[in-house]
Structure formats: C-alpha cells, structure tokens
Protein chains: 2
Amino acid sequence: MILDIKKVERISKALGDPYRLKIMEMIKKQNDNWMQCACIADNIDLAQSTISHHINQLVDADLLIAEKDGRNAKYMVNKEVVTAYVNFLNQLKG
Amino acid sequence: MILDIKKVERISKALGDPYRLKIMEMIKKQNDNWMQCACIADNIDLAQSTISHHINQLVDADLLIAEKDGRNAKYMVNKEVVTAYVNFLNQLKG
DNA sequence: TTTATATATTTAAATTTTTCGATGTATTCT
DNA sequence: AGAATACATCGAAAAATTTAAATATATAAA
C-alpha cells in the first residue's frame with residue numbers, strides 16, 4: 001500500500017498530539033487488539049466530546065479501524081497503514 | 001536509540017505539514033545527502049522567514065542535521081532519528 | 001571598511017486546532 | 001413506550017500554529 005503525500009500529512013498530524021499517541025499506545029496493548037471507546041475514555045482526563053474528536057482524527061487518518069457493536073464502539077490499530085507510513089519514512093533515508 | 005513520547009510527538013508534528021514534508025523529500029533526493037538552505041528556499045513559494053521557521057522545526061525535532069558553512073547553511077536527513085521513529089511506530093503494531 | 005548576501009529572530013495578524021458544554025442520535029433496558 | 005447509556009456532532013471560546021514584513025546578525029566580497 002502506497003500513501004500519497006496528503007495522507008502522510010494526515011497521519012503525521014494525527015500522531016502529533018500527546019492524547020492521540022496515548023490512545024494509540026493503549027489500543028496496541030490490548031490482548032485481542034480491540035479496545036472499547038468507553039475504556040479509552042476511562043483512561044483519559046478530557047471531556048467525552050474531546051476524546052471523540054481525537055479518536056475521529058485517528059480514524060480519519062486510517063490509523064484506527066472502527067467497528068460498531070450495538071451502542072458501543074471499538075477500535076483497533078490499522079497495521080497495514082502503520083506499515084505503509086513506515087515505508088514512506090524509510091524512503092526518507094535515501 | 002529510543003525516543004521518549006514527547007520526542008515522538010515533536011517528530012510527528014514536524015512531519016504534519018506539507019511544506020515540511022516537501023523539505024524532507026527534497027533533501028533526501030540530494031546526491032551527497034546535504035542540501036543548501038538557499039536551494040530549499042528556491043523550491044518553496046513562501047517568505048524566507050517562514051521557510052526558516054519550518055526548517056527550524058525539523059531541526060528541533062532532530063529530523064534534520066544542520067551545518068553552517070560560512071554564511072550558508074546546509075541540512076541533511078538524520079537517518080538515525082528516522083530509524084528510531086520507525087521503531088516506535090513498529091511497536092504500535094503489537 | 002563599506003556593501004552585499006544568507007540566514008535567523010521578532011512581532012503581529014490570520015488561520016487552525018483543541019477543548020468543552022449542550023444537544024442529537026441510536027441502542028439497550030425496564 | 002419511556003428512561004438510560006454510549007457515542008457523535010455542533011457551536012463557541014481558548015490556545016497553538018502559520019505566515020510574512022521588518023529587523024538583526026554574521027559572513028563574504030569589493
């Protein structure tokens with residue numbers, strides 16, 4: 001998968017915030033890879049709407065895969081996109 | 001080299017702008033790895049002070065190594081930091 | 001040593017991002 | 001159906017970032 005430059009910008013921007021980095025790290029630590037939205041919110045000291053906004057940016061950048069489960073939402077790290085981003089970065093090394 | 005989370009944030013933020021991404025890509029394409037500041041400026045349609053500001057953010061994040069050569073400045077991609085950033089990202093995959 | 005050149009810094013305006021309260025929507029529970 | 005729960009969206013204020021003009025600094029050239 002090859003990312004266009006606009007997508008690389010979106011991904012970088014999404015990762016350029018301490019709360020969003022924390023969300024990514026929290027989700028990666030989950031056993032079955034998925035993490036419930038409510039559980040993320042429990043671990044971050046921000047208003048619910050703000051957390052929703054942050055998660056949205058990560059989903060928009062395709063760094064997270066979202067899934068609805070009744071009235072709950074759960075998220076998973078999109079490994080394919082992380083890999084594609086890493087590939088872009090490795091190119092910067094020549 | 002292991003990056004702390006604040007550093008990862010700085011690097012991500014630095015890469016989250018189209019002009020700064022363009023600068024990184026331009027520099028990587030140089031034959032001897034170094035690129036003159038004036039040459040960067042020639043290829044970007046922004047005020048000199050703005051370009052200086054952008055380069056500064058890349059240097060602050062340690063994505064670029066700066067060197068002074070008389071009244072000129074030249075820059076090189078810091079491969080070690082890019083590698084460390086890539087390592088952090090790979091961890092996000094579990 | 002005056003002048004020109006290359007880059008950095010300062011200041012301030014414009015834009016974008018972050019944040020939260022209020023409200024909306026969809027789903028589950030009673 | 002009505003109440004409660006989980007999450008999303010809207011609107012507005014606060015904070016951070018981007019931008020450029022003006023100015024400063026340091027080096028090279030004449």
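Labels below follow one simple rule: chain letters A, B, ... track the order of the sequence lines, proteins then strands, and each chain is numbered from 1.
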A:D32: partners by side-chain contact (heavy atoms from CB on, under 4.5 Å), with sequence neighbours left out: A:Q30, A:W34
Verify the cluster assignment for A:I65 and A:V82: are they in a single hydrophobic cluster under the rule of side-chain heavy atoms below 4.5 Å apart? no
State which residues pass side-chain contact (heavy atoms from CB on, under 4.5 Å) with B:S12; sequence neighbours excluded, sorted by chain then number. A:L15, B:V8, B:Y85
Going by heavy atoms closer than 4.0 Å, what residues in residues 28-44 of chain A are next to DNA chain C? none
Report the C-alpha separation of B:K6 and B:E9 in whole Å, then their side-chain angles, then the decisive distance to 0.1 Å, and conclude whether the salt bridge (Lys or Arg N to Asp or Glu O under 4.0 Å) test is met. CA-CA 5 Å; B:K6 196 67 198 164; B:E9 187 194 334; 3.0 Å; yes
May I ask you to say whether B:E25 pairs ionically with B:K28, meaning some side-chain N is under 4.0 Å from a carboxylate O? yes
Decide whether A:M1 and A:L92 are clustered together by the hydrophobic rule: side chain heavy atoms of Ile, Leu, Val, Met, Phe, Trp, Tyr closer than 4.5 Å, transitively. yes
What are the bounds, 5' to 3', of the part of DNA chain D that sits under 4.0 Å from heavy atoms of chain B? D:dT17 to D:dA29
Looking at B:E80, I'd like to know if its CD atom is crowded, meaning that more than 12 non-hydrogen atoms belonging to other residues, nucleotides or ligands lie closer than 6.0 Å. no
Considering non-hydrogen atoms only, spot the tightest contact between A:I55 and A:C37 and give its length. CD1-SG, 4.2 Å
Return each pair, listed once, that meets salt bridge (charged side-chain N to carboxylate O under 4.0 Å, His left out) where at least one residue sits in residues 52-62 of chain B; pairs must be two or more places apart or across chains. B:K7-B:D62, B:R10-B:D60
Per-nucleotide protein contact along nucleotides 18-30 of chain C, 5' to 3', at a 4.0 Å heavy-atom cut-off (B base, S sugar-phosphate only, - neither), is SBBBB----BB--
Indicate, with yes or no, if A:Y19 and A:I51 share a hydrophobic cluster defined by side-chain heavy-atom contacts under 4.5 Å among Ile, Leu, Val, Met, Phe, Trp and Tyr. yes
